[in-house]
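Some notes on the structure that comes next.
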There are 2 protein chains.
Amino acid sequence: MKNLSQKCILVSIFAQNVKSYRLQQGLSQEQLAERAGVHRTYIGMLEREEKNVTIYNIERIAIALGLEAYQLLKSKND
Amino acid sequence: MKNLSQKCILVSIFAQNVKSYRLQQGLSQEQLAERAGVHRTYIGMLEREEKNVTIYNIERIAIALGLEAYQLLKSKND
């Protein structure tokens with residue numbers, strides 16, 4: 001599936017944030033997927049910017065990381 | 001279509017933010033829809049919390065309002 005971020009910068013901001021917070025917390029993609037209640041391959045696809053993620057899953061992933069959802073949409077220079 | 005926010009608080013945070021920024025800028029739902037390039041009824045459905053909005057449309061609506069996307073997911077007490 002083609003990379004979506006050419007069309008939507010937010011896809012790559014979100015992907016980078018999920019990956020960096022996940023690694024900070026020492027979680028594998030499968031562990032985060034399990035916490036968030038999504039399929040175990042979902043986090044990998046999301047981090048490869050292949051997912052047009054919904055607000056539902058943004059919330060579930062934020063909760064799984066112990067963050068506020070808006071934090072996952074903030075770019076480093078915001 | 002049933003109200004989605006019982007399942008996802010972010011749906012109502014996003015709906016309230018879109019509505020308040022839209023009204024602050026004196027835009028009708030149809031005017032905002034046109035700017036964001038979405039169907040003219042989409043903004044109404046979104047503000048009634050009937051949409052599981054995607055990250056694509058979060059970005060398009062943020063751009064149409066001249067905001068950063070994360071601002072639309074921030075609740076008043078964040």
Atom CD1 in I55(B), atom CG in N52(A): separation rounded to 0.5 Å?
7.5 Å

Taking C-beta and beyond as the side chain, do L10(A) and Y56(B) meet within less than 4.5 Å on heavy atoms?
no

Output the residues of residues 28-41 of chain B for which the shortest heavy-atom distance to chain A is under 4.5 Å, in residue-number order; output 'none' if no such residue exists.
none

Return yes when atom NZ of K19(B) has more than 12 non-hydrogen atoms of other residues, nucleotides or ligands closer than 6.0 Å, and no otherwise.
no

Applying a heavy-atom distance below 4.5 Å, give me the residues of residues 60-73 of chain A that approach chain B, sorted by number.
E68(A), A69(A), Y70(A), L73(A)

V53(B) side chain near T54(A) side chain, heavy-atom distance below 4.5 Å
no

